[in-house]
2 protein chains.
Amino acid sequence: MLNQHPRRVTRADVAREAGTSVAVVSYVINNGPRPVAEATRQRVLDAIKKTGYRPNGIARALASGTTRTYGLIIPNIANPFLSSMAHSLQQEAFEHGQVLLLGDAGDNRQRELELINNLLHRQVDGLLYTSVDRHPYIELIQASGTPFVMLDRVDPALNVSAIRVDERAAAFQATRHLTEHGYRDIAIICGPREMLNTQDRISGWREALQTARLPVKEEWIFSTTYTREGGYQAACRMLEGTLPRALFATNELQALGCLRALSERGIKVPEEVALVCFNGTVESEFNVPSLTHVRQPVKAMAKAAIEMLKNWNGTPELREFSFDLLIGESCGCCPTLIK
Amino acid sequence: MLNQHPRRVTRADVAREAGTSVAVVSYVINNGPRPVAEATRQRVLDAIKKTGYRPNGIARALASGTTRTYGLIIPNIANPFLSSMAHSLQQEAFEHGQVLLLGDAGDNRQRELELINNLLHRQVDGLLYTSVDRHPYIELIQASGTPFVMLDRVDPALNVSAIRVDERAAAFQATRHLTEHGYRDIAIICGPREMLNTQDRISGWREALQTARLPVKEEWIFSTTYTREGGYQAACRMLEGTLPRALFATNELQALGCLRALSERGIKVPEEVALVCFNGTVESEFNVPSLTHVRQPVKAMAKAAIEMLKNWNGTPELREFSFDLLIGESCGCCPTLIK
DNA sequence: CTGAAAGCGCTAACAC
DNA sequence: GTGTTAGCGCTTTCAG
């Protein structure tokens, strides 16, 4: 009972001021569920203005059983792809009167668990979730009965709602773009091997090479973290051996880290090493050289994710989105910039 | 009364199971405010485990008057500087048991207002706020009595709590670094002129030029939005006239957009045009060329901001932080990369 | 050390 | 069309 705010104006004050009952005040504020005479309605609105009344969202949430809040659990908001996704999700959610609780796990599995529990306690109306690793805490969420949508590939056996693009196909297409350039030695910089999305992306790469009848060399798989630093280090390792002619980086940060390492050795992209990457953002477009990249339809996916939470009925739904391969300068397609 | 979740286990169930009163269950969960005998405590804990009880955060918030939630209002989470700030804020807040409600205004003033109202209704324990423009909705927040900290420069007359770096000094130092290189023609790409932080940054630039006894040419102020696109367009405008020898971009996105425009014309950085920028992130470090930039101590600032909310007592406090000028390749200091 | 009970502010049946 | 009132699940005072 330690109400920190001095003395809040409550609905009772408004009712008193307007000379009506508290119920009517509610009806006015919520436009229902019962009709209100226009005259009364005006009196209430005036009273609200006069008293400076602000409905208490918490009390409303307790009484109505809905918090108008979705939780967003992601590995790290500082990742440009995730922040662009978070941006779109928030915009879309807000259109539906919902706000997002930000659960940034800081790439830490333990923290992720704490956040999920925390947001669940807060009675979020739904959860949007990208896990830091391949072992998402699905059961925990399911046990709570909270609507939730994975923003990531998950084990199909788990039978949960998810939105995603076919990452294997996207990786295939990205790599095929390189093979169509005629490049034969094509390495991959990928994420931790135990992660499903890493596996998908490697599969796509592998298949594209096989389709082009190119050898798949295990030593050309450079596994690292999904960070700039990771891409940088993977490239450094790569530079110790024979240089591939082309490179598929499985996220944008890795590609940028890799570019940095290459440029420090004076290796030109795309002239000496061509590059395509996965999950590019506007950052890829503006980079010099601009990156040829797989782009997910973030806005449409956000819209779908919010809709799925909204129309939740307990039966898992999988929505797969098409992706685009945006051509930049890094693959060698475009006329190179004057240097 | 449309409780969406089937039938929640409540404290009463736990009390019944443990053979105690509901009050004791509270005492156990909250470790207070009254002591509980160890034996009873165990019975309660067992009952909690057995029933799978989860405290309802909303009910707790209503009863206790604290939501354990802070609101974060920012122009756009997709801005790398802001997303790194959001990341640090969330990490720090979580250490204090608080979670952040994300209010991404989408660079829209109207939306910003809606978000503030929305989060205020939700009884956030505090608000962290960077406005999209120079007219923050201060009175609105103050009227609510909610603790709040501006994450931006505001009109000193407003008398609000804020954390910031001295942007004028930072801009001065960044520009001085260019004058010390011996560059004489130094342009500035800045944000909308009506914004205070733009004005501060312009002032710093101006003073640095004056200190170096260099002429300040009004036509070398290129005002645009704080985006990549803005930086790109400003650079294009600049390219229509005489090219300056050096350039101060007042945020990282503008610098990147500008770099793009320059490279499309085959203009080399730093050989032909040197560049420094404001509010760089790790992105500046990895860029090719790496950007010499002013770096704010984001983590320390986040820590301070959360502390200020926590220890809020109504009296405005201004905390100013020192900044770093991180030297990269874009200013011409470092040995240029082999190209 | 424990229990009973009065709220917190609002929603929405149910009465009139 | 409007008023009354029983909850929502929890915190915390006050008695014992």
Side-chain angles (χ1 to χ4, degrees), chain A residues 1-44 47-48 51-68 120-123 125 144, chain B residues 1-44 47-48 51-68 120-123 125 144:
Chain A
M1 230 157 287
L2 36 109
N3 268 317
Q4 51 189 6
H5 305 309
R7 162 72 179 95
R8 281 197 57 107
V9 180
T10 83
R11 214 185 24 155
D13 300 311
V14 176
R16 194 176 318 115
E17 180 68 31
T20 107
S21 76
V22 291
V24 171
V25 179
S26 269
Y27 301 154
V28 171
I29 291 171
N30 305 330
N31 271 320
R34 313 263 49 181
V36 175
E38 188 50 33
T40 324
R41 176 190 179 67
Q42 263 316 323
R43 285 213 316 285
V44 170
I48 288 176
T51 54
Y53 169 70
R54 296 175 154 289
N56 181 323
I58 296 299
R60 176 192 297 226
L62 180 59
S64 70
T66 161
T67 54
R68 300 200 143 286
L120 250 25
H121 283 174
R122 287 164 191 272
Q123 315 295 119
D125 295 336
S144 76
Chain B
M1 232 155 286
L2 35 108
N3 269 317
Q4 51 189 6
H5 303 309
R7 162 72 179 97
R8 281 196 57 105
V9 180
T10 84
R11 216 183 23 154
D13 300 313
V14 176
R16 195 177 316 115
E17 180 69 30
T20 110
S21 75
V22 290
V24 171
V25 178
S26 271
Y27 301 154
V28 171
I29 290 170
N30 305 330
N31 273 319
R34 315 263 50 180
V36 175
E38 189 49 35
T40 323
R41 176 190 178 68
Q42 263 316 322
R43 284 212 317 283
V44 171
I48 288 176
T51 54
Y53 168 70
R54 296 175 154 287
N56 180 324
I58 296 299
R60 175 192 298 224
L62 181 59
S64 70
T66 162
T67 54
R68 301 201 142 283
L120 250 26
H121 284 171
R122 288 165 190 273
Q123 316 295 117
D125 295 337
S144 76

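Quick caveat: nothing in here was measured; it's all calculated off a predicted structure. In what follows, chains carry the letters A, B, and so on, assigned in the order in which the sequence lines appear, proteins first and then strands, with residues in each chain numbered from 1.
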Would you name the heavy atoms of [X] and [Y] that are closest together and state the gap between them?
X      : Y      : result
B:R43  : B:A18  : NE-O, 2.9 Å
B:R122 : A:R68  : NH2-O, 2.8 Å
A:T67  : A:D125 : N-OD1, 3.0 Å
B:Y53  : B:V9   : CD1-O, 3.5 Å
A:A47  : A:V14  : CB-O, 3.7 Å

Can you tell me how far [atom2] of [N] sits from [atom1] of [X], to the nearest Å?
X      : N      : atom1 : atom2 : answer
A:N56  : D:dC8  : CG    : C1'   : 13 Å
A:R54  : C:dC10 : CZ    : C1'   : 17 Å
B:N31  : D:dT12 : CG    : P     : 13 Å
B:R122 : C:dC10 : CZ    : P     : 15 Å
B:D13  : D:dC10 : CG    : C1'   : 13 Å
B:Q42  : C:dT2  : CD    : C1'   : 18 Å
A:Q123 : C:dC10 : CD    : P     : 19 Å
A:I58  : C:dC10 : CD1   : P     : 11 Å

Nucleotide of C:dC10, D:dG1, C:dT2 approaching A:A59 most closely (side-chain heavy atoms):
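Comparing C:dC10, D:dG1, C:dT2 against the side chain of A:A59, the answer is C:dC10.
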A:A63 side chain: which of C:dC10, D:dC10, D:dT2 is closest?
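That would be C:dC10.
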Please list, by residue number, the residues of residues 17-29 of chain A whose heavy atoms come closer than 4.0 Å to an atom of DNA chain C; answer none if no residue qualifies.
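Per residue number, the list reads A:A23, A:S26, A:Y27.
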Enumerate, atom names and distances included, each donor-acceptor pair closer than 3.5 Å involving a side-chain atom of residues 27-37 of chain A, sequence neighbours excluded.
unit_1 : atom_1 : unit_2 : atom_2 : d
A:N30  : ND2    : A:S26  : O      : 3.4

Does a donor on one side chain and an acceptor on the other come within less than 3.5 Å for B:D13 and B:T51?
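Judged by distance alone, the side chains do not pair up.
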5' precedence on DNA chain D between B:Y53 and A:R34 (nearest-nucleotide basis):
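Result of the comparison: A:R34.
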Respond yes when some side-chain nitrogen or oxygen of B:T40 is under 4.0 Å from OP1 or OP2 of C:dC1, and no when none is.
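Looking at the OP1 and OP2 atoms of C:dC1, neither is under 4.0 Å from any side-chain N or O of B:T40.
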